[in-house]
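Working notes, structure below.
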Amino acid sequence: MYKLKDDGYPTFKKIVNGRKWVGRVSQTGSGFVAKIGDHIVEAQTEKAAFREVVAKVSQQPAEAVPESRVTSRRVSTVQSDTERVIEWLRELSKISEGHPNFTNADVARTLGKNRPGQELGNLMSRLDFACYAAGLPAIGCTAEKPFADAWQQQNRSWKWPVKKMRAAAKAHSWSSTDFDLMLHETQRLSYGLGHAAWNDELAKHDDKIMAWAGV
């Protein structure tokens, strides 16, 4: 049986058949695109894209395809990793007089990973959103280099002022109170996916985010 599965990747959800990963549903500028093998479908909603591509593969009407409940990598699991990184950054800031110096590879090793990947990018996106919610600079901008896919323009009329954001984050003296605020905001997040939190907020408060970023 085909199902949608959210494993915490920031740009797509998996389509699985039983235990096998067979395809994906990704968000685009105009909606969603679903792909299984050579079968590709575009639709306005994630569920519609999923049902239509499954219908193509199984050669049945889309309305006959059961609606999939997305099985998610639990927010609690993502939050657990997020809190480990917050505590690591807190200690790093203590020994560096409020100015942590680290690479994304350092963060990955903190979580027992060999190298930074999409899941780590998602985690840092959640942390940066928590910083926004707490009125702090983006902690991810204090890294030696931001993630390659971070701070993309996508469908906005404005670009993230990354140089300005990095300067603000590096000039800020990060205190234990800052990390308490960050922790509190991540615990309030109902999203396991950082980009989902950002997209929702951008749709409602684009001007507020622009002011925070210094556009």
Side-chain angles (χ1 to χ4, degrees), residues 5-13 27 70-96 98-113 116-152 154 160 162 165-166 168-170 172-206 208-214:
K5 185 177 181 183
D6 180 356
D7 267 347
Y9 291 101
T11 57
F12 68 90
K13 291 187 178 73
Q27 188 168 10
V70 179
T71 59
S72 302
R73 182 182 182 216
R74 294 181 302 167
V75 172
S76 59
T77 303
V78 180
Q79 182 61 25
S80 176
D81 288 347
T82 300
E83 292 183 10
R84 285 173 63 187
V85 171
I86 288 175
E87 293 311 310
W88 176 76
L89 288 168
R90 187 199 301 271
E91 292 305 312
L92 189 62
S93 295
K94 283 181 181 178
I95 63 175
S96 58
H99 299 283
N101 183 23
F102 64 94
T103 67
N104 291 312
D106 293 332
V107 183
R109 284 191 289 271
T110 299
L111 295 171
K113 302 180 184 298
Q118 286 183 310
E119 289 192 19
L120 188 59
N122 175 57
L123 187 151
M124 295 305 292
S125 179
R126 293 182 87 242
L127 282 181
D128 286 335
F129 186 84
C131 288
Y132 154 73
L136 297 167
I139 187 67
C141 285
T142 62
E144 187 176 287
K145 289 182 180 179
F147 271 89
D149 293 334
W151 313 115
Q152 298 295 307
Q154 295 180 331
W160 295 99
V162 178
M165 291 168 67
R166 283 176 61 76
K170 287 180 175 292
H172 184 74
S173 181
W174 293 88
S175 68
S176 186
T177 299
D178 291 337
F179 291 104
D180 287 340
L181 290 170
M182 202 185 305
L183 175 62
H184 174 68
E185 292 298 338
T186 62
Q187 290 172 337
R188 293 177 60 198
L189 269 178
S190 59
Y191 298 93
L193 295 175
H195 80 91
W198 281 112
N199 288 345
D200 187 45
E201 187 70 6
L202 282 161
K204 298 174 183 175
H205 303 295
D206 188 75
K208 185 178 176 182
I209 292 179
M210 288 175 67
W212 169 76

(message) Under a 3.5 Å threshold, yes or no: a donor from one side chain and an acceptor from the other, between T103 and D106?
(response) yes
(request) Kindly write out the residues that satisfy side-chain contact (heavy atoms from CB on, under 4.5 Å) with Q152, not counting sequence neighbours, or none if the list is empty. (result) Q154
(request) Only counting residues at least two apart or in another chain, list the ones meeting ring pair (Phe, Tyr, Trp, His ring centres under 6.0 Å) with W212. (result) Y132, W198
(request) With sequence neighbours left out, write down each residue that passes side chain to side chain donor-acceptor pair (under 3.5 Å) with S96, or none if nothing qualifies. (result) none
(message) Among residues at least two apart in sequence or on other chains, which ones pass side-chain contact (heavy atoms from CB on, under 4.5 Å) with E91?
(response) K94
(request) Determine yes or no for a side-chain-to-main-chain donor-acceptor pair under 3.5 angstrom, with R166 supplying the side chain and E144 the backbone. (result) yes
(message) Please enumerate all residues that pass side-chain contact (heavy atoms from CB on, under 4.5 Å) together with A134, with sequence neighbours excluded.
(response) L136, L181, E185
(message) The criterion is salt bridge (Lys or Arg N to Asp or Glu O under 4.0 Å); which residues satisfy it with K170, sequence neighbours excluded?
(response) none
(request) Going by the side-chain hydrogen bond (donor to acceptor under 3.5 Å, both in side chains) test, name the single residue among R126, Q79, E83 that passes it with T186. (result) Q79
(request) Kindly write out the residues that satisfy side chain to side chain donor-acceptor pair (under 3.5 Å) with D206, not counting sequence neighbours, or none if the list is empty. (result) W158
(request) For Q27, enumerate each residue passing the side chain to side chain donor-acceptor pair (under 3.5 Å) test, keeping only those at least two apart in sequence or located in another chain. (result) none
(message) For S175, is there any backbone N or O sitting under 3.5 Å from a side-chain donor or acceptor partner on D178?
(response) yes
(message) Run the side-chain contact (heavy atoms from CB on, under 4.5 Å) test against S93 and tell me which residues pass, sequence neighbours left out.
(response) P100, W174, F179
(request) Taking all non-hydrogen atoms of both residues into account, name the closest pair between A143 and N104 and its distance. (result) CB-OD1, 4.1 Å
(request) Look only at the side chain of N122 and the backbone of G194, and say whether a donor-acceptor pair between them is shorter than 3.5 Å. (result) yes
(request) Please name all residues satisfying salt bridge (Lys or Arg N to Asp or Glu O under 4.0 Å) with E87, sequence neighbours left out, ordered by chain then number. (result) R90
